[in-house]
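Notes follow once the structure below has been shown.
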There are 2 protein chains.
Amino acid sequence: MSFKPDNLLEHISLDCVIFGFHANQLKVLLVHMKYSGKWALPGGFIQKNESIETAASRALKERTGLSDIFLKQFRVFSDPGRSILNPAVKDLEEQEGNEHLNWFKQRFISVGLYALVEFSKVDPKPDIFSDVCEWKSLDEIGELMMDHNLIVKKALKTLQAQLSYQPIGFNLMPAQFTMPELQKLYETILGKKLDRRNFQRKILSYKILNKLGERKEGQANKAPFLYEFNLGNYQKALENGLSGGW
Amino acid sequence: MSFKPDNLLEHISLDCVIFGFHANQLKVLLVHMKYSGKWALPGGFIQKNESIETAASRALKERTGLSDIFLKQFRVFSDPGRSILNPAVKDLEEQEGNEHLNWFKQRFISVGLYALVEFSKVDPKPDIFSDVCEWKSLDEIGELMMDHNLIVKKALKTLQAQLSYQPIGFNLMPAQFTMPELQKLYETILGKKLDRRNFQRKILSYKILNKLGERKEGQANKAPFLYEFNLGNYQKALENGLSGGW
DNA sequence: ATATTATTGTGTCTTATTGACACAAAGTTT
DNA sequence: AAACTTTGTGTCAATAAGACACAATAATAT
């Protein structure tokens with residue numbers, strides 16, 4: 001077993017909600033636990049010399065193979081009842097060499113982090129605890145381990161709120177994309193339809209897009225323009241916020 | 001000594017940033033550590049059957065005498081270097097019966113919570129670790145213990161952001177107040193002047209205030225109207241947000 | 001080839017919101 | 001009584017947001 005609890009902070013764990021966007025659907029990266037048969041968020045523990053964010057990056061890499069992901073903490077989940085029925089313990093019981101089992105039976109407080117990643121860049125790989133690691137669209141998610149359904153719900157709410165005061169999309173879209181594609185991302189996160197013309201006007205007013213002369217071809221209609229994010233302005237908008245407010 | 005680490009989660013602490021408003025200044029509640037002579041945020045630890053929020057309410061009561069405060073978590077502080085120089089350890093060393101000293105020398109990850117309270121309702125009282133507990137206006141705060149300056153800074157930023165999408169003030173103002181008083185609160189939090197007429201128009205548009213017929217007298221000028229918060233609408237606005245965005 | 005179909009690009013009008021700005025009224029001080 | 005301070009209040013211009021329609025393009029069907 002690869003965990004060495006001696007080097008880990010007790011009582012603290014972290015869970016990552018990794019959002020991707022594909023086929024006009026918002027997806028979350030989940031792992032399927034080998035023995036308990038439950039789906040869960042990829043998570044982990046914190047080493048004695050790590051910050052939460054560093055630990056989350058490392059854990060995400062271990063669980064799913066993903067690296068260079070910018071993870072942002074959004075909330076601590078600390079309800080005393082949240083881990084009473086931790087099915088991960090069952091997975092551990094079935095493994096040989098479970099001398100650390102009691103460590104995992106502790107009560108854990110978990111820090112929730114989320115990230116947005118470009119779907120196509122991800123090649124998820126399961127680790128020793130899980131037999132599958134894959135994207136699930138939001139409405140396909142069934143009952144997850146422990147309070148992970150709640151964690152996903154709160155992450156989505158955070159994402160929706162973020163949309164109102166910060167640009168989003170750089171990490172969720174391919175390098176080049178069309179306006180309708182970007183609009184579908186917004187519509188999916190918000191869960192509602194937006195007017196095509198007003199969306200374009202608003203997003204262009206932020207000056208975070210470069211219009212490319214080229215067009216995408218192959219569909220049965222007029223070819224849409226391609227856009228890319230203007231990194232400089234995108235960063236500025238991230239820092240300054242978009243508008244609204246006092 | 002009143003701490004019983006046996007019953008506490010290891011490695012996890014919490015710190016409370018309590019904002020108050022008085023004499024046109026935004027204030028923060030601080031405690032002064034007996035032996036190390038450092039000022040610090042009132043904080044505490046988490047018992048095995050508590051959520052973070054419950055623990056924070058209890059700790060705040062123990063440290064300052066404050067009760068019935070709604071505390072909201074805003075961030076986890078987990079930099080590995082944050083507690084290397086924890087001066088609280090010095091305070092503990094000077095106390096008799098420090099059999100738990102090593103427990104406090106651990107590395108801690110701290111959950112930051114903040115709250116807004118009505119200044120006049122507070123009667124701060126120091127506890128066994130501190131000899132003073134009092135309000136400090138933001139520009140009077142010197143160097144605090146550990147990373148507490150950073151925690152205050154991030155709490156203030158959270159508060160400023162919250163101002164843009166939620167009503168604020170119910171917990172910071174007395175039951176009845178004038179429009180200029182409320183405006184000063186907003187100006188203080190934001191750190192900038194606002195136009196008197198535009199402020200009034202905007203805040204009234206939220207429908208969260210009741211105008212009272214009475215007036216306040218005694219100042220050398222025209223008597224301003226009194227207002228109170230309309231609790232029903234205030235709650236609604238808290239839930240739905242104020243506007244702006246998609 | 002021609003028509004059909006689906007989807008895109010684009011602009012205007014109306015309404016709501018924001019920002020800038022000035023004077024009269026009231027109560028206190030001199 | 002005059003001066004002073006701070007309050008209450010409204011309008012105009014600029015900007016942002018919401019509703020809405022038609023022409024252009026590229027594949028597909030006939």
Side-chain angles (χ1 to χ4, degrees), chain A residues 23-24 160 163-167 173-174 176-188 190-228 233 237 240-246, chain B residues 23-24 163-167 173-174 176-188 190-228 237 240-246:
Chain A
N24 291 339
Q160 289 171 342
L163 210 58
S164 299
Y165 61 91
Q166 285 196 325
M173 300 297 287
Q176 300 189 351
F177 50 88
T178 66
M179 192 60 74
E181 285 166 355
L182 185 60
Q183 182 177 344
K184 294 220 175 74
L185 170 63
Y186 273 71
E187 289 179 338
T188 305
L190 293 169
K192 68 178 182 192
K193 286 253 166 255
L194 301 171
D195 180 89
R196 204 159 52 92
R197 289 156 287 188
N198 294 340
F199 174 81
Q200 171 155 327
R201 180 176 55 191
K202 186 158 178 172
I203 201 95
L204 288 178
S205 77
Y206 297 153
K207 313 277 188 199
I208 56 173
L209 298 183
N210 295 334
K211 188 172 187 174
L212 304 175
E214 321 158 38
R215 293 144 176 271
K216 203 179 189 178
E217 289 174 22
Q219 295 121 294
N221 52 26
K222 179 165 182 174
F225 284 102
L226 285 173
Y227 292 86
E228 64 182 9
N233 289 346
N240 305 334
L242 288 179
S243 75
W246 298 86
Chain B
N24 292 339
L163 211 58
S164 300
Y165 61 92
Q166 284 195 325
M173 301 297 289
Q176 299 188 351
F177 50 89
T178 67
M179 192 61 75
E181 284 166 355
L182 186 60
Q183 182 177 343
K184 293 218 175 76
L185 170 63
Y186 273 71
E187 289 179 339
T188 304
L190 292 169
K192 67 178 181 189
K193 287 252 167 253
L194 301 172
D195 180 89
R196 206 158 53 91
R197 288 156 290 187
N198 293 340
F199 174 82
Q200 172 155 326
R201 181 176 55 191
K202 188 159 179 171
I203 201 96
L204 287 178
S205 77
Y206 297 153
K207 313 278 187 196
I208 57 172
L209 299 183
N210 294 335
K211 188 173 188 172
L212 305 176
E214 321 157 40
R215 292 145 176 272
K216 203 178 188 179
E217 289 174 22
Q219 297 119 294
N221 52 26
K222 180 167 181 176
F225 283 103
L226 286 173
Y227 291 86
E228 64 181 9
N240 304 334
L242 286 180
S243 76
W246 299 87

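Proteins come first, then strands; the chains are lettered A, B, ... in the order of their sequence lines, and each starts at number 1.
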query = So do A/L242 and A/P167 actually touch side chain to side chain, heavy atoms under 4.5 Å?
reply = yes
request  = To the nearest 0.5 angstrom, please state how far the OH atom of A/Y186 sits from the CD1 atom of A/I203.
outcome  = 3.5 Å
message = Could you tell me how far apart B/L242 (CG) and C/dT17 (C1') are, to the nearest whole angstrom?
response = 14 Å
ask   = So how far is it from A/N210 CG to A/Q176 CD, rounded to the nearest 0.5 Å?
value = 10.5 Å
key: Rounded distance in Å - CD (A/Q200) to P (D/dA16)   = 17 Å
task = Give a yes or no on whether the backbone of A/L212 and the side-chain of A/E228 come within a donor-acceptor separation of less than 3.5 Å.
result = no
request  = Return no unless some side-chain N or O of A/K202 is found under 4.0 Å from OP1 or OP2 of D/dA16.
outcome  = no
Which atom pairs link the protein and nucleotides 25-28 of chain C when you take only N or O atoms and keep those under 3.5 Å?
| residue | atom | partner | partner atom | Å |
| --- | --- | --- | --- | --- |
| C/dA26 | N3 | B/K222 | N | 3.1 |
| C/dG27 | O4' | B/N221 | O | 3.0 |
| C/dG27 | N2 | B/A220 | O | 3.2 |

Length of the CG-P vector between B/N198 and C/dA22, whole Å = 13 Å
Presence of donor-acceptor pair under 3.5 Å, side chain of A/R197 and base of D/dA21 = yes
key: A/K192 NZ/CZ over B/W246 ring centroid, <6.0 Å and within 45° of normal   = no
task = Take atom CZ of A/F225 and atom C1' of C/dT10, then tell me their distance rounded to the nearest Å.
result = 10 Å
task = Would you kindly compare B/P180 and B/R201 by the position of their nearest DNA chain D nucleotide and give the one closer to the 5′ end?
result = B/P180
ask   = How about B/M179 and B/Y227: do any of their side-chain heavy atoms sit closer than 4.5 Å?
value = yes
request  = Could you check how far CD1 of B/I203 sits from C1' of C/dT18, rounded to whole Å?
outcome  = 15 Å
note = B/L182 CG to D/dT7 C1', in whole Å, measures 15 Å
key: Inter-residue atom distance A/R201.CZ - A/R196.CZ, 0.5 Å rounding   = 13.5 Å
ask   = Within the modelled atom types, does a donor on one side and an acceptor on the other bring the side chain of A/R196 and the base of C/dG9 under 3.5 Å apart?
value = yes
task = Would you mind reading off the distance between B/L226 atom CG and D/dG8 atom C1', rounded to a whole angstrom?
result = 14 Å
request  = For D/dG8, take OP1 and OP2 only and decide whether either is under 4.0 Å from a side-chain N or O of B/K211.
outcome  = no
note = B/D195 atom CG is separated from C/dA22 atom P, nearest whole Å, by 11 Å
